[in-house]
Structures are given as C-alpha cells and as structure tokens.
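One structure below.
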Amino acid sequence: MNIFKLYKNKFSEILLSNNYQCNFSKLTVEPPRDPAFGDLAYNAPLILSSNLKKKPLEIGSDISLLIKNNFSEFESVELVKPGFINLKLKKDFWFNFLSAFGDNKDMLILEKKNINIEYVSANPTGPLHVGHCRGAIYGDVLANLLNFVGNKVTKEYYINDYGNQIHMFAKSVYARLLEINEKVPFPSDQGLYPGDYLKDIAKNLINKNVIQNLSNYDAIKDQIGTMAMNEAMLMIKNDLFSLGIKHDVFVSEKELVSRNLVEKTIEILREKNCIYEGILAKPKGNENEDWEPRSQLLFKSTDFGDDIDRALKKSDGTWTYFANDVAYHAYKLERKFDKYINVLGADHAGYLKRLKACMDALSNFTSDFECKVCQLVKLYKSGEPYKMSKRAGDFITAKELVEAVGVDAVRFMMIYRSNDSQLDFDFDLVTDKTKDNPVFYVQYASARIHSILGKVKFNEKDFDKKNLNLLNTDVEIDLIKKLSLWSKCLEVSSKNLEPHRIPYYLYDLASSFHSFWNLGKENSDYKIIENKDSNLVQARIFLLNKILLTLKSGLGILGVTAPKSM
RNA sequence: GCGCCCGUAGCUCAGCUGGAUAGAGCAUCGGUUUUCUAAACCGAGGGUCGCAUGUUCGAAUCAUGCCGGGCGCACCA
C-alpha cells in the first residue's frame, strides 16, 4: 500500500465533494524533507491559490479543517508558511500499517501491461564482454521490476545472425580450422576476428566431425557460419546464465529475412509514403574521403523526428542493417504488446531516433516505445583505471568479471547508478567485506536478521498483533515509516524505468536496521531477544520479519541473494 | 558542425518529474566493543547545485544560450 498515493486520492475526493476545482494531478502528498514536519506534506493550498485568487494560507485553513473533520488518524494537521499542510499520523496508524504490511507484489498498478523488453542482443560472434554487462543487467532488473509490480513481461534477444559480419566470422573460424588442421598461420591483416575463443569454436567443430572438404571454402562457408554462430550463441547464453539472465524469446534476423519480412515491411512503409529514392548530404565535420553522392532507397525518418533520413539499401542492392531492423520492429508490433522497451549501449544512442521513427511510422504513432540508453562503465582496480590491452580481441569477458567478484556484486553495482550516468566499477571495492561496499552492507543486514530469527521461536499465526503497539519508541516507529517508503520506491522506479532507486532504498533500509541493532549495545532495553518482555520480543521479531521480507523482495528484483549467514 | 548523456561537498553519486534550511557513501577528525554478528554504530567539519538569462508564489529540477567532459555521426552491424 502506497500511503502517499492513498491520501492524495482521499484528499482529492474531499476537495471535489466540497466544490474545489483545480488541476488535481498537480496535487501531491509526499514525505516532507524534514521529518520534524510530520509524516505527510500536502501542497493543495499552493496549487489552489492561483485558481481561487486567494492567498494559500487562507485556503489552507479551510482545507485543514476539512481534513481534521474527515479523518481521525492524524495526530496533528498543521498549516505552515508558504502553504503546505503538514500531517502527522498517530502511532496506531503505524501499528496497523505494519500489521498489514506485505511485499507489495502485484499490488501497485491498476493497469497491468503486456510488455516486451529487448536487451543484450549482442552479435553472435563471440562471448559477452564487460561492456555488455551493464545493459544486460539493467534490462534484466527492469524486467524483474516490471514483472514484480504486476505486468506481464517478455524478455527478448535479437540475434544479428545475418549479413557481412557473419561472413567475416565464418572466414575467421575457417582460418582457425586451417591453423589447427593444416598448420596454416592465422592471417592478421585481413580484418578477421582475432580472439582466442575462435580456436575453441574451431576445435568444437572439428570434434563434431561433420565438416567435409575443408579445402573448398565456398562449399562449406554457410555450414561453418551457421555452426560457428550456434557455438557463439551457446557461449553467450552461458555467459548470460552466469549473470543470472535468461531470455524468454530469441528472434533471428536471418529467419526474418528468409520469411521476406523485410520486403513486406518496406512495402507497408511505401504505402504510407515514407519511402523515396534520394541522395543524402555529406555529414559535416566527418572527413570521410570515400564519401560520394549516391542515390539510395531512403526512409523518411525526418518526418518522425529523426535528424536525417536513413538508408534502407546498400549500393550493392542488399538491405541495410537498419532495413532488417525495421522489419524486426514490425514483427514486434505484429505480436501486439502494450509497451515496448529497448535497452541500448551508449555507443548505439545515435540509433535511437530512427528506431522510434520506424515504430511511429509503422504504428501511426500508436505504439508505446521507449529506448533506454546505458552509459559506459569505467573499470578501476584499487582506485586506478583498469585498462584493457589495446591488442585487438583482448577484452575482459563478462564471465571473467563474474568469476573475479561474484554475480551478486556485479548485478548490484551495475544497477547502483542511474543508467544515464557513467559508472565507475572498482574490482576491489566490490569484494570488500566492509560497509564501504554497498553490496556487502545490504546483505549483511539480511544475515544479521537471519541470525536473530534462528534464535527465537516465532510463528506469525500465533502472534497477537495487538502487541505491535509495544513498538513504541521513535526508532521503531521510524523503521515502520521506512517500510512505508518501499511501495513508493517501487512505483517511482517502475513508472520511470529507473531501477537504480531500489539499491538506494535497500541501502537506506539496511542502514536504519543496523542503527537499530546497535542501540542494544548501549541500552539493554533495545536488545531484541535478550529482553524480559516476551511480547515485546515477539513484536520486534514481527518487525524484523517485515524488514527481511522487504530486503528479500528488493534483492530478488536485483537478482542478488539475501544470505542467511556471512 | 549536428545528435544523445553528464556537470551537485576534496572524491563517487542520490535528489521522489517544480516545493520548505540541498542529502548519502568514501576521505578527514573525534567517540563506542567483557558482542542478540564491531564485517557494525554514533558525532563533527565540509556547498555560489558549471555560468547567465527567462518562466512563477517557489528552480538543483522546466526553457533558451554559453562553458567543460563522455559517446556517436552516409552503403558496417
């Protein structure tokens, strides 16, 4: 239950029934900046004043009175200077709140949506590297979050298993096959994929013993390409698995092409008058010597907010990558989702507008399509930038990262910053077992609670909830109030697609808990289980259970474990 | 030159889509342990929210223009 939203709605009803008119969406009920002001701050007098042409404080006294007369749960209703109404809830309210507290799963949205989220979509030419990790985890956590609050989510991966890069990939694997079988040195000057993992792929192909006629490349190149790509996809799925990621749907570009979906989609755009033959201007500031004016089949993406129109056909007459991608997005639309999310890396941010343009064109502006861009990750080791070797192909893989620091740390830290900000990832910090390491700090709270729960018998069914009013001290009430922010956190995170708010909330909750825990050291009244009053012990265990429930839910969304001991 | 992102404490970043005296962590300084997990807690100092206009009751938040940093910029994917 989001109490802020609840009271916003309740107050709006009261205003309406008393003939107050305004833009109700501008009214807010929020926790005040300073807890001394109370539990809720209502801004209605400020918003209404311009409508009614009266001073906020004048209007405020009327509204305060309405609230006092209609609600009994407020200890105080106070009208203050610019025009806020500060409300303080009685302790009984918080005991009731705690008594009914759940994990908020499926509770938060009225409109449940069928959502498609595409993320990772790394090329099937090798394992995932560190650069892929952030988008992969962001997409995955976002999917978990949207699912948690009640949506139906389809996690999708688009496989670029078509086009020139696959030819290069097949050639590269072929060169490795020759290297292994015929001792032909691997050529370094042909732009082939250099990574060592190609040797593994080649070895696997040899072990399967299905490639005949190794000397005739043209005869076997398609076979090699397909098999090598399957090997690479296995690597990728394996890497994703080690990151805790599992997609629901894999869509193959090759398959879309073979179903003639590209031609069909371009025809649809042509009927909508979005296609023409034209010449693009030379981009300024880009000293490309090979540039020459060229007449091409173009998509009129400028009609849909893009900066320039985009090429659909290459000079050799084949479709561009973008043309295939338009077809892919038509295929997404065909499957009729309520919302489409696409997670891209910063290096593909320039691609965003044309994707949005093609979705708008194909759906006549009816599709709810949102691209989220993850900025770059900078690696550090003990505070020093950790440079990857410039030698091509020598990159840190996702798997190596997970093996070095553990999947919990990778997932937590990758989501710990807003996706719009660059992220510093320090190898050493995330493996520290101190409070400097936020992953540890939150998990430690879980371990501490488990440690207590193992020492006391507690059964929620036998617990008399009337005893919750023994949680009478400010710190205990503050902990309950902290729990009330969880649903707000979920709501804001999912509405704005900003999962980074979750680890922040969990850190905050863990901090309040650690603080409470330590009070027992100076004042034995605050000891949780070594306490004479057994009803109080039970009430505190009830509270700890709810804190743990929240930690588990939050960490669950992040895909991070909530350990029982550490 | 154009597009996207960022600019908040010495450092790394939050800031609930316009609210009250701008918050955390690290770092610095000082305190707490015969322990229900000190792998923790408590306290102190530290700010022209890059700069400038504008919008209004009210701006770190919105708009415009600068300055600085990152990413990208015809037929690759």
Side-chain angles (χ1 to χ4, degrees), chain A residues 4 26 28 30-34 37 41 43 46 49-50 55-56 80-84 86 123 125 160 162-166 168 253 279-286 288 290-294 296 306-308 310-316 318 320-322 324-325 345-353 373 375-376 378 383 416-424 426 429 432-438 440-441 443-445 447-448 450-452 455-456 485 488-489 491-493 495-496 498 500-501 504 507-508 511 514-522 524 527-531 537 565-566:
Chain A
F4 305 99
K26 290 182 99 173
T28 58
E30 290 186 340
R33 190 169 291 285
D34 188 342
F37 294 150
N43 68 348
L46 291 165
S49 90
S50 59
K55 287 186 177 157
V80 295
K81 35 172 190 178
F84 289 102
N86 290 334
N123 289 336
T125 53
N160 298 125
Y162 185 83
N164 203 33
Q165 64 167 353
I166 299 306
M168 290 310 289
E253 180 182 4
I279 301 172
L280 289 174
K282 184 179 181 181
K284 286 175 185 166
N286 186 359
N288 186 342
D290 296 337
W291 191 89
E292 53 185 29
R294 187 161 44 228
Q296 289 176 297
D306 201 356
D307 305 310
I308 55 168
R310 302 295 173 177
L312 295 166
K313 266 195 180 174
K314 294 185 253 178
S315 44
D316 65 4
T318 59
T320 61
Y321 169 81
F322 176 59
N324 292 352
D325 219 3
D347 52 344
H348 288 78
Y351 204 69
L352 191 152
K353 282 187 183 177
V373 173
Q375 295 299 320
L376 301 183
K378 283 191 283 183
Y416 195 49
R417 298 289 182 228
S418 157
N419 60 289
D420 284 332
S421 296
Q422 289 193 10
L423 174 77
D424 291 349
D426 194 308
L429 175 64
D432 270 2
K433 293 187 172 180
T434 71
K435 69 176 298 256
D436 302 356
N437 174 5
F440 169 81
Y441 188 76
Q443 290 187 317
Y444 186 50
R448 271 185 155 173
H450 275 289
S451 139
I452 287 230
K455 288 180 174 151
V456 181
L485 296 174
K488 190 173 171 58
C489 169
E491 225 170 72
V492 176
S493 313
K495 185 177 142 209
N496 299 326
E498 292 172 344
H500 70 276
R501 293 170 190 279
Y504 271 94
Y507 188 94
D508 197 32
S511 172
H514 285 308
S515 186
F516 176 59
W517 174 282
N518 274 276
L519 288 176
K521 297 193 184 307
E522 292 190 3
S524 59
K527 293 219 173 190
I528 296 165
I529 49 180
E530 289 176 10
N531 201 298
V537 171
S565 66
M566 295 178 79

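Every chain is numbered from 1 and lettered A, B, ... according to where its sequence line falls, protein lines coming before strand lines. The structure displayed is predicted, hence computed values, not measured ones.
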Atom-to-atom span, [atom1] of [X] to [atom2] of [N] - whole angstrom:
{"X": "A:Tyr504", "N": "B:C16", "atom1": "OH", "atom2": "P", "value": "13 Å"}
{"X": "A:Phe440", "N": "B:C41", "atom1": "CZ", "atom2": "C1'", "value": "14 Å"}
{"X": "A:Lys455", "N": "B:U37", "atom1": "NZ", "atom2": "C1'", "value": "7 Å"}
{"X": "A:Glu30", "N": "B:G19", "atom1": "CD", "atom2": "P", "value": "7 Å"}
{"X": "A:Tyr351", "N": "B:A74", "atom1": "OH", "atom2": "C1'", "value": "14 Å"}
{"X": "A:Arg33", "N": "B:A24", "atom1": "CZ", "atom2": "P", "value": "11 Å"}
{"X": "A:Asp306", "N": "B:C73", "atom1": "CG", "atom2": "P", "value": "14 Å"}
{"X": "A:Leu376", "N": "B:G72", "atom1": "CG", "atom2": "P", "value": "7 Å"}

For [N] versus [M], give the span between their [atom1] atoms, rounded off to a whole number of Å.
{"N": "B:U12", "M": "B:A74", "atom1": "P", "result": "32 Å"}
{"N": "B:G18", "M": "B:U55", "atom1": "C1'", "result": "11 Å"}
{"N": "B:C26", "M": "B:A39", "atom1": "P", "result": "16 Å"}
{"N": "B:G70", "M": "B:G65", "atom1": "P", "result": "22 Å"}
{"N": "B:C73", "M": "B:C13", "atom1": "C1'", "result": "30 Å"}
{"N": "B:A52", "M": "B:C67", "atom1": "C1'", "result": "11 Å"}
{"N": "B:C49", "M": "B:A44", "atom1": "C1'", "result": "23 Å"}
{"N": "B:G54", "M": "B:U21", "atom1": "C1'", "result": "26 Å"}

Taking the side chain of [X] as its heavy atoms from C-beta onward, which of [options] lies nearest to it?
{"X": "A:Asn164", "options": "B:C36, B:A74, B:C76", "answer": "B:C76"}
{"X": "A:Leu46", "options": "B:G19, B:A39, B:C75", "answer": "B:G19"}
{"X": "A:Ile452", "options": "B:A40, B:C16, B:U37", "answer": "B:U37"}
{"X": "A:Glu530", "options": "B:C36, B:A74, B:A39", "answer": "B:C36"}
{"X": "A:Phe84", "options": "B:A77, B:G19, B:U37", "answer": "B:G19"}
{"X": "A:Ile529", "options": "B:C36, B:A77, B:A39", "answer": "B:C36"}
{"X": "A:Ile528", "options": "B:C75, B:A40, B:C36", "answer": "B:C36"}

What nitrogen or oxygen pairs link the protein and nucleotides 25-34 of chain B at under 3.5 Å?
unit_1 : atom_1 : unit_2   : atom_2 : d
B:C26  : OP1    : A:Lys435 : NZ     : 3.1

Write down the atom of [X], the atom of [Y], and the distance for their closest heavy-atom approach.
{"X": "A:Ala311", "Y": "A:Thr320", "answer": "O-OG1, 3.1 Å"}
{"X": "A:Gly83", "Y": "A:Pro56", "answer": "CA-CB, 4.1 Å"}
{"X": "A:Asn86", "Y": "A:Ala41", "answer": "OD1-CB, 3.7 Å"}
{"X": "A:Val537", "Y": "A:Ile528", "answer": "CG2-O, 3.5 Å"}
{"X": "A:Pro283", "Y": "A:Trp291", "answer": "CD-NE1, 3.9 Å"}

- Query: Please, what dot-bracket string fits RNA chain B when only Watson-Crick and G-U pairs with both distances under 3.5 Å count, crossing ones use [ ] and pairs to another strand use |?
  - Reply: (((((((..((((.....[...)))).(((((.......))))).....(((((..]....))))))))))))....

- For the side chain of A:Trp291 and the base of B:A74, is some donor closer than 3.5 Å to an acceptor across the two?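 Yes.
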
- Task: Decide yes or no, distance alone: a donor-acceptor N/O pair under 3.5 angstrom between the base of B:A20 and the side-chain of A:Asn86.
- Result: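 Counting by modelled atom types and ignoring angles, a donor-acceptor contact under 3.5 Å is found here.
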
- Item | Separation of A:Asp420 CG from A:Gln375 CD (nearest 0.5 Å) |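 So the gap between those two atoms works out to 6.5 Å.
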
- Task: Tell me, please, which residues at least two apart from A:Lys435 pass salt bridge (charged side-chain N to carboxylate O under 4.0 Å, His left out).
- Result: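 Scan of A:Lys435 (salt bridge (charged side-chain N to carboxylate O under 4.0 Å, His left out), adjacent residues dropped) gives none.
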
- Task: Output all residues satisfying salt bridge (charged side-chain N to carboxylate O under 4.0 Å, His left out) with A:Asp307, sequence neighbours left out; order by chain, then residue number.
- Result: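 For A:Asp307 the salt bridge (charged side-chain N to carboxylate O under 4.0 Å, His left out) partners, ignoring immediate neighbours, are A:Lys353.
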
Quick check against the 3.5 Å criterion: does [X] have a side-chain atom that pairs as donor or acceptor with the backbone of [Y]?
{"X": "A:His514", "Y": "A:Tyr444", "answer": "no"}
{"X": "A:Asn43", "Y": "A:Thr28", "answer": "yes"}
{"X": "A:Gln165", "Y": "A:Asn160", "answer": "yes"}
{"X": "A:Asn531", "Y": "A:Lys527", "answer": "yes"}

Tabulate atom names and distances for all N/O pairs under 3.5 angstrom spanning the protein and nucleotides 5-11 of chain B.
unit_1 : atom_1 : unit_2   : atom_2 : d
B:C5   : O2'    : A:Asp420 : O      : 2.3

On the nucleotide [N], are OP1 or OP2 found under 4.0 Å from the side-chain N or O atoms that [X] carries?
{"X": "A:Arg310", "N": "B:C75", "result": "no"}
{"X": "A:Arg417", "N": "B:C13", "result": "no"}
{"X": "A:Tyr441", "N": "B:C41", "result": "yes"}
{"X": "A:His500", "N": "B:G15", "result": "yes"}

At 4.0 Å (heavy atoms only), tell me whether [X] reaches a base, stays on the sugar-phosphate, or touches nothing.
{"X": "A:Lys313", "value": "nothing"}
{"X": "A:Lys527", "value": "base"}
{"X": "A:Asp325", "value": "nothing"}
{"X": "A:Ala447", "value": "base"}
{"X": "A:Val80", "value": "base"}
{"X": "A:Glu292", "value": "base"}
{"X": "A:Ser315", "value": "base"}

- Mind telling me whether A:Tyr504 and A:Tyr416 have parallel, tilted or perpendicular rings, with 30° and 60° as the class edges?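 Taking A:Tyr504 first and then A:Tyr416, their aromatic rings lie parallel (interplane angle under 30°).
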
- Task: Taking the side chain as every heavy atom from C-beta outward, state whether A:Lys488 and A:Pro31 have any atom pair closer than 4.5 Å.
- Result: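 Answer yes - side chains close enough.
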
- Item | Sub-4.5 Å side-chain heavy-atom contact between A:Thr434 and A:Phe440 |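 Result no, sub-4.5 Å side-chain heavy-atom pair not found.
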
- Query: Under 6.0 Å from the OH atom of A:Tyr162, do we count more than 12 heavy atoms belonging to anything else shown?
  - Reply: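 Atom OH in A:Tyr162 is not packed in, count stays at 12 or less.
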
Using a cutoff of under 3.5 Å, can you pull out all pairs of nitrogen or oxygen atoms linking the protein to nucleotides 49-51 of chain B, with atom names and distances?
none

- Task: Using heavy atoms to find the nearest nucleotide of RNA chain B for A:Asp347 and A:Thr28 separately, return the residue whose nucleotide is more 5′.
- Result: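 Closest to the 5' end, via its nearest nucleotide, is A:Thr28.
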
- Closest-nucleotide 5' rank along RNA chain B - winner of A:Ala311 and A:Lys378: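 Of the two residues, A:Lys378 wins.
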
- Compare the aromatic ring of A:Trp517 with the six-membered base ring of B:C36 and state whether they stack according to the 5.5 Å and 30° rule.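 Given the distance and angle limits, yes, they stack.
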
